[in-house]
Structure formats: structure tokens, C-alpha cells
Enquirer: 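Pasting in a structure now, in C-alpha cells, and then I'll have a few things to ask.
Chain letters run A, B, ... following the sequence lines, proteins first and then strands; every chain starts at 1.
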2 protein chains.
Amino acid sequence: MSQALAHIVDDDEAIRDALTWLLRTRNVAARTWASAEEFLAGWQADFHGCIVLDIRMKEMSGLECFDALLERNNSMPVIFLTGHGDVPMAVSTLKKGAFDFLEKPFDDNALVDVVIRAMESDARKQASQETQATVTGRLAQLTPREQEVMQLVLAGKFNKVIADQLNISMRTVEVHRSRVFEKMGVRSAVELAQLLAPGRD
Amino acid sequence: MSQALAHIVDDDEAIRDALTWLLRTRNVAARTWASAEEFLAGWQADFHGCIVLDIRMKEMSGLECFDALLERNNSMPVIFLTGHGDVPMAVSTLKKGAFDFLEKPFDDNALVDVVIRAMESDARKQASQETQATVTGRLAQLTPREQEVMQLVLAGKFNKVIADQLNISMRTVEVHRSRVFEKMGVRSAVELAQLLAPGRD
DNA sequence: CCCGATATTGTGGTCATCCGCACTGTGGAA
DNA sequence: TTCCACAGTGCGGATGACCACAATATCGGG
């Protein structure tokens, strides 16, 4: 997994260097990209940290870049920088999920604070997504029959009822049930319910 | 429970009348308030629908009114209207949870669409909050001892272990456990776990 | 053709759950 | 003082969950 980085996307080298220096003095690792196209080309799904995105750039704008990232299911928080902001633009980006929207000239410390909050937010999201991925992975290891039985167990049905419904014997249900618990890493139906309740698929 | 209303808060009577008419033609019930103070005085926790809030008003501004509503745990979505919007203001209100932020002059149909989406959003939130309130209410009906036993049941412990831990007999645990299921309206520990997993207290 | 994964079933037994019935004790409210 | 909610306890039985041991059967590869 790649390290958490603040990705600075701006076509002005002076700004890139200034921001990088600013963040480094606060112990925030940064990487710079000279254009939206370059960033999108280098972007990978396992990137973590946050993105500082200038809106007015040559060729592809920050807004277009943001839309492209949304389509790729980017998970990193995006902080917009703009010189001539207008309200509808700010509103629409925030409603689309941007983390913040700052107008130049901005306060150096304020930007760094926002970046740090964004990176903390991403770290939290990442942690919960990883546990979620573990659960999903374990679910994938279940055979079709086991998943079927699991659903009925979660519905609170007795083994006897499940057996009737699937036209199999109680003993077979017990075997599947046991394998489900084993593969999912739980030891009771209660734990299973708690594992699957917050964030179903 | 009160009906869903679009609450229009603006000190300009012409605007209030225009918005009311606009919404009525699209079958959205509206109620007007001539100032932030008046609205806050009349506001009740069981209001539902949405709030259309002008920012620049005599005496208390829309922003101050919004902050007051946040402190009262208002649940209705707030749509800001402003003549001379500035970006930081829009950003900060949206980050504080405002539903939208529109600049005058705005498109009539666009505003109505936003109001309708806001009211739909509130209806959904209200529905989930009501089921949550039901659960919380039932939890409140449990005696302290019953809550204690419930926690241990949810931790997946056997009645025997619970009995040891609370220094009581297994039979007593069974009685409490049974009462918990009865009061919470479930028939198994699995249902209980599912009821309490999404949104703990 | 043999192997592994999947699905299935039975026997017999242990442990846990759940429930009705009967009973004790305490502390606060009417 | 009487009534009631709350807490605690024992007995015995019915039912469900779980497990070790033991098997059969299908299917897709290697």
C-alpha cells in the first residue's frame, strides 16, 4: 500500500514549490503534479492522503479533473484552490463531495490545517473500508449454498425451518452453518449479525 | 405530528409572496415568517419540510438564525438565498450542513426543484429517525439490570458466563434475557443485534 | 482415473436455550 | 400498611445448537 501523500496539482511551479515547502515544515509528505492530465495518468486506486487541486489550469481544469476522479471512484478528499471563485462553482463542487474550497489568497496555516484534516479524514475512511473489504472477502469465500444458509440464519430462522425451506436435512444445515461461522471468523450468529449489519452489500 | 412545510424566512414581503405562490403552483405547502426572530420564536422541534432562509435581513441575519437552529438540533434542510454571496460564506454554511446556497437572481424552477429535493430528503431522514426513536424508547423501558444483561448477550456470552459475571444464577439471567427480548420486540439475540447494530447509543 | 471441492445425510451425545410454575425479598408509592 | 415494580432463585422438561465420527454422491480438472 502506498504512503499517505498530499497530491498538489497546479500548473504554476512557484505555487507547487511553496505548498510543498509549507506542508513539509508541518511534516506532511507531498507530491506535485504539473497538470490535471499528468495527475490522472499517474493516479492509482490505492493512493491515499488528499488532493489539492487548482481550478484554473491550462488544458484540463480542476473541475474537469474532479469529475474524472469521481468516475474513477477516487477516495481521497479534494481541496480546491481558486483565484476567482464564484459561488455556484463552490456550491456545486462541495455538493459533489469536495472536502473544501479555498479562495486565493489564502492563509498558509489555514490551508495546512485543512490538508491535515483532510488526510485524517481519509485515514479514518480507509480504515473502515479495509475492515469492510475483509468482510466482503470472507463473504466471497462462502459457497453459494453457505451464503444461502447464512441469509436464513440472519433472518433468525431455526435450523429446522431452514432445512424445510431448502429441502435438505437439519444435519446439512448444521454443517453449512458451522462452515459459515468458521469462514467468517465468528463463533455465534450474534457476532455474525453485528459483523454484517453496519454496511450491507 | 405537523405537516411538511416549506418555511420561508425573509423580511421582504414581495419575495415571501412570490415564493409562496411559486411553491403552491407546484403543490408545495409553504408558510412565511417575516424575520429570523419570528421564525425562531415559532419554531418547534416537530417541524418538518425545509427552510428557505434569506441571508441579509434586518436585525438577525440568516447566518445567525442558522447557527441558532443548529444549537436546537433542527432537522430540516436549510436552503440559503443571498443577493451578494461570497465564496467563504457559501463554503462555511455548506460544511456546517446547509442543504444548498443560491444566489439571487435565481431561476424559479431551479429553486422549486431544490425545495422539493430538500423536502424529500427530510422525509427520508424523518422516517429513519422515527424507527431509531422507537428503538431508543424501547431501550429506555429496560430496567438497569436488563440493560446490563443485554450488553453481555450482545457480546455473545453464554448465560452461564453472564451469571458468573453478575454473581447471579443462570435462571435469573434467563428471566432478564427473556424480558429484554419481549420489551425490544424481538424473538432472538440475532434480531436484537440487527436492531441495535446500525446506530448504537 | 484419481483428487479436491461441494453438497448431502445419519447416529448419538453434550451443552445451551427457553419456558412454566412456584417462591423470596426489597424499596418506593398510594 | 398494602400494592407493585424489580430482582433473584430452584426444578424440570421441551427444544435447539453443536460436534465427532462415519459415509455417499456429483463435478471439474490434472
Enquirer: Taking CD1 from B/I162 and C1' from C/dC18, how many angstroms apart are they, rounded to a whole number?
Expert: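 After rounding, the gap between these two atoms is 14 Å.
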Enquirer: Name each donor-acceptor pair under 3.5 Å that joins a side chain in residues 85-99 of chain B to protein atoms two or more places apart or in another chain, with its distance.
Expert:
from, atom 1, to, atom 2, distance (Å)
B/D86, OD2, B/M89, N, 3.3
B/T93, OG1, B/M89, O, 3.1
B/T93, OG1, B/A90, O, 2.9
B/K95, NZ, A/D100, OD2, 2.5
B/K96, NZ, B/D67, OD1, 2.8

Enquirer: If a protein heavy atom is under 4.0 Å from the base, mark B; if only from the sugar-phosphate, S; if neither, -; do that for nucleotides 7-16 of chain C going 5' to 3'.
Expert: SSBBB----S
Enquirer: Does B/D122 use its side chain to pair, donor to acceptor, with the backbone of B/G49 at less than 3.5 Å?
Expert: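 Here the side-chain-to-backbone pair exists.
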Enquirer: Can you list the residues that meet the side chain to side chain contact (heavy atoms under 4.5 Å, CB included) rule with A/D107, with sequence neighbours excluded?
Expert: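 In terms of side chain to side chain contact (heavy atoms under 4.5 Å, CB included), with neighbours along the sequence ignored, A/D107 is linked to A/N109, A/A110.
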Enquirer: Ring-plane angle category for A/W33 and A/F47, please: parallel below 30°, perpendicular beyond 60°, tilted otherwise.
Expert: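 Rings of A/W33 and A/F47: tilted, as their planes differ by 30° to 60°.
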Enquirer: Tell me whether B/R16 contacts the main-chain N or O of B/I8 through its side chain, where contact means a donor paired with an acceptor under 3.5 Å.
Expert: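 Between the backbone of B/I8 and the side chain of B/R16 there is no qualifying donor-acceptor contact (under 3.5 Å).
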Enquirer: With rounding to the nearest 0.5 Å, note down the distance linking CG in A/L53 to OG in A/S61.
Expert: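 Separation between the atoms: 8.0 Å.
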Enquirer: Salt-bridge test for B/R26 and B/D108: reply yes if a basic N is under 4.0 Å from a carboxylate O, no otherwise.
Expert: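 No, no charged N to carboxylate O under 4.0 Å.
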Enquirer: Starting at the 5' end of DNA chain D, which residue's closest nucleotide do you reach first, B/K183 or A/K157?
Expert: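 First, find each residue's nearest nucleotide; the 5'-ward one identifies B/K183.
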Enquirer: Tell me: CZ of A/R187 to C1' of D/dA17, nearest whole Å?
Expert: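 Nearest whole value for this atom pair: 15 Å.
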Enquirer: How many whole angstroms separate atom CD of A/Q141 from atom C1' of C/dT6?
Expert: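 Between C1' of C/dT6 and CD of A/Q141: 15 Å.
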Enquirer: Set out, line by line, the N/O atom pairs under 3.5 Å between protein and nucleotides 28-30 of chain C.
Expert:
none

Enquirer: Whole Å only: how far is the CE atom of A/M150 from the P atom of D/dA17?
Expert: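 So the two atoms are 17 Å apart, to the nearest Å.
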Enquirer: Just to verify, which of B/Q141, B/H176, B/K183 counts as forming a side chain to side chain donor-acceptor pair (under 3.5 Å) with B/E146?
Expert: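 Only one of B/Q141, B/H176, B/K183 forms a side chain to side chain donor-acceptor pair (under 3.5 Å) with B/E146, namely B/K183.
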Enquirer: Side-chain polar contacts of residues 151-163 of chain A - donor-acceptor pairs under 3.5 angstrom, sequence neighbours left out - could you list them?
Expert:
from, atom 1, to, atom 2, distance (Å)
A/K157, NZ, A/Q165, OE1, 3.1
A/N159, OD1, A/R177, NH1, 2.5

Enquirer: Please state how far atom CZ in B/R177 lies from atom C1' in D/dG16, giving the value in whole angstrom units.
Expert: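 So the two atoms are 12 Å apart, to the nearest Å.
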Enquirer: How far does the helix from C/dC1-D/dG30 to C/dA30-D/dT1 bend, going by the axes of its first and last five pairs, to the nearest 10°?
Expert: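 The angle, to the nearest 10 degrees, is 30°.
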Enquirer: Determine, for A/E120 against A/R117, whether the closest basic-nitrogen to carboxylate-oxygen distance falls under 4.0 angstrom.
Expert: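 Salt bridge between A/E120 and A/R117, a charged N being under 4.0 Å from a carboxylate O: no.
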Enquirer: Counting neighbours of CZ on A/R56 that are heavy atoms of other residues, nucleotides or ligands and sit closer than 6.0 Å, is the number greater than 12?
Expert: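 No, not enclosed.
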